[in-house]
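By convention here, the first residue in the shown sequence is residue 1.
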Amino acid sequence: MEEITEGVNNIIIADSHKKNRIQVSNTKKPLFFYVNLAKRYMQQYNEVELSALGMAIATVVTIAEILKNNGLAVEKKIMTSTVDIKDDSRGRPVQKAKIEIILGKSENFDDLMAAAAEEREIAGAEEQS
């Protein structure tokens with residue numbers, strides 16, 4: 001019986017740490033760090049899951065809109081919920097809003113990324129000469 005319980009616990013742990021999930025904070029990194037990371041994740045996994053709590057929700061929405069408006073991503077799913085977070089100062093759980101946005105590659109994602117890489121190469125060659 002212990003083996004089954006251990007197996008169930010491992011499944012939950014594996015699911016909570018997806019490889020293509022970006023947990024966004026609005027205090028740790030600049031906005032375009034997350035935009036560029038999301039592009040890289042879409043190249044690797046064909047989709048990216050952006051996740052945030054509380055005040056960082058606006059940052060996640062901004063990242064998704066930048067990627068969509070540049071023609072790089074399409075919206076697949078948006079999920080909102082509330083989660084209980086233990087507040088050490090009050091000693092009781094506090095509810096926080098949570099958002100998860102799943103974005104997939106747009107049809108012309110690869111073409112746009114190749115064009116951007118080509119522009120960087122040209123700019124780099126001009127700087128060296």
Side-chain angles (χ1 to χ4, degrees):
M1 192 68 181
E2 287 178 51
E3 293 169 16
I4 294 171
T5 307
E6 203 172 288
V8 170
N9 289 341
N10 289 344
I11 290 169
I12 294 166
I13 292 167
D15 187 45
S16 69
H17 186 70
K18 290 182 181 174
K19 286 190 167 118
N20 65 335
R21 176 183 288 164
I22 300 172
Q23 292 178 313
V24 175
S25 163
N26 58 349
T27 57
K28 292 197 172 124
K29 302 277 183 194
L31 179 71
F32 275 90
F33 167 83
Y34 292 112
V35 171
N36 292 323
L37 186 61
K39 286 180 194 176
R40 219 174 307 143
Y41 276 28
M42 282 193 293
Q43 279 178 321
Q44 284 183 297
Y45 305 110
N46 294 325
E47 69 176 29
V48 64
E49 182 180 319
L50 302 168
S51 173
L53 294 174
M55 301 295 284
I57 289 174
T59 307
V60 160
V61 172
T62 303
I63 294 163
E65 286 301 313
I66 288 169
L67 293 167
K68 284 170 31 187
N69 291 339
N70 288 330
L72 295 167
V74 290
E75 213 170 85
K76 285 189 167 182
K77 192 173 186 181
I78 298 176
M79 297 166 287
T80 59
S81 60
T82 55
V83 291
D84 288 331
I85 308 260
K86 189 170 186 272
D87 187 355
D88 291 331
S89 63
R90 294 185 194 154
R92 60 183 169 90
V94 176
Q95 285 202 322
K96 282 220 172 191
K98 179 180 182 177
I99 192 166
E100 294 172 281
I101 301 176
I102 298 175
L103 298 174
K105 276 182 173 182
S106 66
E107 285 182 21
N108 51 354
F109 176 88
D110 294 319
D111 296 336
L112 292 168
M113 291 299 285
E118 200 174 298
E119 285 176 25
R120 283 194 301 272
E121 282 179 25
I122 292 168
E126 287 174 358
E127 283 180 16
Q128 288 177 357
S129 60

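- Within the 4.5 Å cutoff, no side-chain heavy atoms of V24 are placed close to those of K29.
- Between L31 atom CG and N36 atom CG the span is 9.5 Å, to the nearest 0.5 Å.
- Note that the CD atom of E75 and the NZ atom of K68 stand 3.5 Å from one another [nearest 0.5 Å].
- Remark: E47 CD to K77 NZ distance equals 10.0 Å, nearest 0.5 Å.
- The distance from the CD1 atom of I85 to the NZ atom of K96 is 6.5 Å, given to the nearest 0.5 Å.
- I102 and L37 are assigned to two separate hydrophobic clusters, defined by single-linkage of ILVMFWY side chains at heavy-atom distances under 4.5 Å.
- Linking Ile, Leu, Val, Met, Phe, Trp and Tyr whenever their side-chain heavy atoms come within less than 4.5 Å puts L50 and Y41 in one cluster.
- Among all heavy-atom pairs drawn from K98 and I57, the shortest one is N-CD1, 4.1 Å.
- Closest approach of V60 to A52, counting heavy atoms only: CG2-CB, 3.2 Å.
- Under the 4.5 Å side-chain heavy-atom criterion for ILVMFWY residues, no single connected hydrophobic cluster contains both L53 and I78.
- S106 and G71 make their closest contact through OG-O, 2.5 Å (heavy atoms, listed as atom of the first residue, atom of the second, distance).
- Between K105 and V74, the shortest heavy-atom contact is O-CG2, 3.7 Å.
- Annotation: side chain of F109 is in contact with side chain of Q43 (closest heavy-atom distance under 4.5 Å).
- Looking at Y34, its side chain does come within 3.5 Å of a backbone N or O of S25 through a donor-acceptor pair.
- Nearest heavy atoms, A38 versus L67: CB-CD1, 3.6 Å.
- Considering only heavy atoms from C-beta on, I101 stays 4.5 Å or farther from I63 through its side chain.
- Taking both residues in full, the closest heavy atoms of E100 and S51 are given as CG-OG, 4.0 Å, listed atom of the first, atom of the second, then distance.
- When side chains are defined from C-beta on, M55 does not count as touching T27, because their heavy atoms never get closer than 4.5 Å.
- You'll find the side chain of Q44 stays beyond 4.5 Å of the side chain of N20, heavy atoms only.
- Two different hydrophobic clusters hold I122 and M113 under the rule that ILVMFWY side chains link at heavy-atom gaps under 4.5 Å.
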Next item on the list: Could you walk me through whether N70 and V35 pass side-chain contact (heavy atoms from CB on, under 4.5 Å), step by step?
Entry: CA-CA 11 Å; N70 288 330; V35 171; 5.9 Å; no

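- Residues V48 and R40 have side chains not in contact (no heavy-atom distance under 4.5 Å, counting atoms from C-beta outward).
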